[in-house]
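One structure is given here, and the rest of the page talks about it.
Computed from heavy atoms alone, side chains included, the values below leave out hydrogens, waters and symmetry copies.
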Amino acid sequence: MQLDRVLDNLDFRRLQPNERKRYINRIHNVVVVIEKRFPEVVRPEQIKLKHAQYFRNEWLPNHSASERTRREHMRALGLLVMALGRDKSWLGALGITQPKGRGGRPTSVGVKQQKP
């Protein structure tokens, strides 16, 4: 699955090259899992909420022993959702919430503004 357009929507300017590569690899991993489970999804634009929910609810708990790795994959899933321009309600449906107060690990990756 070609991720060039999705990755073009992400702003990696504040990251070191190795951090950028780690984010890209995690996003790629999420997409590969969805593509394998749902062969009809051949372009990122075809990813639907049910595909992201499968990744979160089925695949991730069975393939990641580390809580930190799960959090990193969920952060990548959230970036993918935002980079695809999906409705913010997806984040809530996936259990991805932005911290309301201080604390937590701040993200250095942003999503570029979409042109209407």
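Here the side chain of E19 pairs no donor or acceptor atom with the backbone of L15 at under 3.5 angstrom. A distance-only check finds no donor-acceptor pair linking the side chain of R43 to the backbone of Q2 [under 3.5 Å]. Panel note: side chain H63, backbone W59; a donor-acceptor pair is recorded below 3.5 Å. With hydrogens and angles ignored, the 3.5 Å screen pairs no side-chain donor or acceptor of R26 with any backbone N or O of K21. No donor-acceptor pair closer than 3.5 Å links the side chain of E58 to the backbone N or O of F55.
Between the CG atom of L7 and the CG atom of L79 there is a distance of 10.0 Å, given to the nearest 0.5 Å. If you take CZ on R71 and OG on S66, they are separated by 7.5 Å, rounding to the nearest 0.5 Å. We find the CG-CG distance between N9 and L80 to be 10.5 Å, quoted to the nearest 0.5 Å.
With sequence neighbours excluded, the residues forming a side-chain hydrogen bond (donor to acceptor under 3.5 Å, both in side chains) with H73 are N29, listed by chain and number. Not counting sequence neighbours, the partners of H28 by the side chain to side chain contact (heavy atoms under 4.5 Å, CB included) test are L3, V32.
Nearest approach of R56 to P61, heavy atoms of both residues: O-CD, 3.2 Å.
The side-chain heavy atoms of V81 and I47, taken from C-beta on, include no pair separated by under 4.5 Å. Side-chain atoms of E35 and V41, non-hydrogen and from C-beta on, never get closer than 4.5 Å to each other. Within the 4.5 Å cutoff, the side chain of L49 has heavy atoms near those of the L94 side chain. Side-chain contact check for P44 versus M1: some heavy-atom pair is nearer than 4.5 Å. Between Y23 and R75 there is a side-chain heavy-atom pair separated by less than 4.5 Å.
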- Task: Walk me through it: do M74 and I96 pass the test side chain to side chain contact (heavy atoms under 4.5 Å, CB included)?
- Result: CA-CA 7 Å; M74 287 303 295; I96 302 171; 3.6 Å; yes

- Step by step, work out the side chain to side chain contact (heavy atoms under 4.5 Å, CB included) result for L10 and I27. CA-CA 11 Å; L10 296 174; I27 291 169; 3.6 Å; yes

- Message: Under the criterion side chain to side chain contact (heavy atoms under 4.5 Å, CB included), I'd like the reasoning laid out for H51 against R37: C-alpha separation, chi angles, the key distance, then a yes or no.
- Response: CA-CA 9 Å; H51 304 134; R37 173 62 177 89; over 6 Å; no

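Around CZ of R20, the count of heavy atoms belonging to other residues, nucleotides or ligands within 6.0 Å does not exceed 12.
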